[in-house]
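Data block below; observations after.
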Amino acid sequence: MSREETRKILESENILPRSRFGQNFLVDDDAISRITALVDADREDPVLEIGPGLGALTKPLSALYDHLSAVEIDSDLYSYLVNEAKVSATLINKDFLKLAAEDYSADKIRYVVSNLPYYCMTPIMKKLFGECTNAKRMVLMTEDEAFPRISADPNNKDYGPLAVCVSLFGDTVKEFTVPGQCFYPVPKTLSCVITLNRGEEASVLCPEFIGFVEKCFAMRRKKLMNNLKPYYPADILNKVIEDKDMRAEDLTPVEFSRLYSDIISMISEK
Ligand code: SAM
C-alpha cells in the first residue's frame, strides 16, 4: 500500500487521519512484507490484528490466514474495510480496550500483530498478556523510544509492570526500526518492530497477576510491604516477603511470579 494509494483511499472515503486514534498508516511495502513475514503462523492458526486501519497489514494477512480477526475503533475505517476493501477477516468495530475477552475469543488466539496506536500501547499490551493466554507470538510496532520501558531490567527507572509482563511472556527481539517516512501522516518519532515469543514462564500471565504487579509498583518509592498491605493479610505478607525493605523495582519478573503464587496459595489454604 503506497502513500499515493493511501491518500487516494482517504480522499475518496472522505476520511481525515485521526491523531486521537494514533492513526499513522503504513505506506512502505518493504516494512509491510517484513511485518507480515514475522507472524509466521500456519494457515489454520487464529491470528488477531489490533487497529487494521486501511488494511495495510490486514490485506496481506488475510491472504495467508483463514482465521484472521481485526479490531478497529474507528467506524469510518471499519466501514471502508467491510464495504470497499472487502477484506476476508472477521472485523470488529470496537475499542479493543473495552472489548470483553469472550467477544474476540481471546483464549483461542495464537498470533497477534499490530501497528499499535501509540497513545494506548501499554494498556493494549497488558490486555493482550492478560487475555490471550495461548498466544505463541506477538509482532508489534511501537515507538522506538518506548522500547526501554518494554525491555527494562530490575533497578532501572524504566522497569515497571509492562517490562515484567513482557519478560515473563518470553523472549523479546527488536527486529528493525521504521523511519517516519514509512507512514502517512509522518509521525514525529522513530518506530520499531518487536517480536515477543512465548516462553515457559508465560502461564502466570492473567488479569489478576497483572493487577498484582501494578499494586506492587503503585508507589514506586514505597516498600513492597506497604504497597501490598491494603490488599492482602499482614500475616501472609510477613511470611512471603523476607526482606521488609524491598521495593518492587528490586524484584525480577520471575520473583514477582513466585511471590504471587505464594500469596495466592496461602490465601487459598486459609
Ligand atoms: N494497521 C494500520 C496500518 O498499519 O496502516 C493502522 C495502524 S494505526 C498506527 C493504529 C490503528 O489502530 C488505527 O486504525 C486506529 O484507528 C486503531 N485504533 C486506535 N485505538 C484503538 C483501540 N482502542 N481499539 C482498536 N483500534 C484502535
Side-chain angles (χ1 to χ4, degrees), residues 1-10 13 15-39 47-65 68-82 84-85 87 89-101 103-104 106 109 111-128 130-132 138-146 175-194:
M1 187 108 111
S2 69
R3 180 175 303 272
E4 244 349 272
E5 260 179 278
T6 303
R7 285 167 73 151
K8 264 193 201 144
I9 297 171
L10 291 170
E13 297 295 312
I15 298 174
L16 280 176
R18 293 187 164 107
S19 55
R20 73 173 193 281
F21 289 154
Q23 289 173 359
N24 296 97
F25 304 108
L26 257 174
V27 293
D28 183 89
D29 285 337
D30 182 52
I32 291 169
S33 27
R34 288 173 81 183
I35 294 170
T36 307
L38 283 169
V39 178
V47 178
L48 170 72
E49 184 187 6
I50 314 295
L54 292 168
L57 297 168
T58 331
K59 288 173 191 170
L61 289 168
S62 68
L64 294 170
Y65 304 116
L68 173 66
S69 48
V71 185
E72 174 56 60
I73 195 171
D74 188 319
S75 308
D76 292 336
L77 299 180
Y78 169 81
S79 299
Y80 163 75
L81 290 170
V82 172
E84 303 298 326
V87 176
T90 304
L91 294 161
I92 303 171
N93 185 199
K94 280 268 163 62
D95 176 346
F96 177 65
L97 294 173
K98 294 186 181 150
L99 191 63
D103 291 342
Y104 69 104
I109 299 297
Y111 294 83
V112 177
V113 55
S114 181
N115 172 9
L116 288 167
Y118 299 159
Y119 77 97
C120 58
M121 171 196 87
T122 302
I124 288 184
M125 287 179 71
K126 284 187 195 162
K127 183 169 161 74
L128 290 169
E131 294 177 353
C132 297
M138 303 192 192
V139 181
L140 306 174
M141 173 102 77
T142 71
E143 260 178 314
D144 194 52
E145 63 187 34
E175 302 284 355
F176 56 96
T177 54
V178 186
Q181 292 86 327
C182 294
F183 301 87
Y184 179 80
V186 176
K188 287 193 189 82
T189 53
L190 185 68
S191 298
C192 72
V193 174
I194 59 171

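Numbering of ligands and ligand atoms starts at 1, following listing order. Computed from heavy atoms alone, side chains included, the values below leave out hydrogens, waters and symmetry copies. Note that the numbering runs from 1 along the sequence shown for the chain.
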Roughly how far, to the nearest 0.5 Å, is [atom2] of [Y] from [atom1] of [X]?
| X | Y | atom1 | atom2 | value |
| --- | --- | --- | --- | --- |
| D76 | I15 | CG | CD1 | 5.0 Å |
| S33 | D28 | OG | CG | 8.0 Å |
| D95 | C120 | CG | SG | 7.0 Å |
| I50 | L97 | CD1 | CG | 9.0 Å |
| M121 | L140 | CE | CG | 9.5 Å |

Using a strict cut-off of 4.0 Å, indicate which atoms of ligand 1 neighbour a heavy atom of [X].
| X | answer |
| --- | --- |
| V71 | 25 (C), 26 (N) |
| A56 | 5 (O) |
| F25 | 5 (O), 6 (C) |
| K94 | 24 (N), 25 (C) |

Any [X] heavy atom less than 4.0 Å from ligand 1:
| X | result |
| --- | --- |
| Y119 | yes |
| M141 | no |
| E49 | yes |

Of all the non-hydrogen atoms in the protein, which one sits nearest to [atom], and at what distance?
| atom | value |
| --- | --- |
| atom 23 (N) of ligand 1 | D95 OD1, 2.8 Å |
| atom 19 (C) of ligand 1 | F21 O, 3.1 Å |
| atom 12 (O) of ligand 1 | G51 CA, 3.2 Å |
| atom 5 (O) of ligand 1 | L26 N, 2.8 Å |
| atom 9 (C) of ligand 1 | G22 O, 3.1 Å |
| atom 4 (O) of ligand 1 | N115 ND2, 2.9 Å |
| atom 24 (N) of ligand 1 | F96 N, 2.9 Å |
| atom 17 (C) of ligand 1 | E72 OE2, 3.4 Å |

I'd like to know if the side chain of [X] and the backbone of [Y] have a donor-acceptor N/O pair within less than 3.5 Å.
| X | Y | answer |
| --- | --- | --- |
| E49 | V113 | no |
| K127 | L99 | yes |
| N93 | V71 | no |
| N24 | Y184 | no |

Test of understanding: given a 4.0 Å heavy-atom threshold, classify the contact between [X] and ligand 1 as side chain, backbone, both, or neither.
| X | value |
| --- | --- |
| I73 | both |
| P52 | backbone |
| L77 | side chain |

Would you say K94 has more than 12 foreign heavy atoms packed within less than 6.0 Å of its NZ?
no
State which residues pass ring pair (Phe, Tyr, Trp, His ring centres under 6.0 Å) with Y118; sequence neighbours excluded, sorted by chain then number.
none
For residues E145 and T189, is any side-chain donor paired with an opposing acceptor at under 3.5 Å?
no
Counting only nitrogen or oxygen atoms and a 3.5 angstrom limit, does Q23 reach ligand 1?
yes
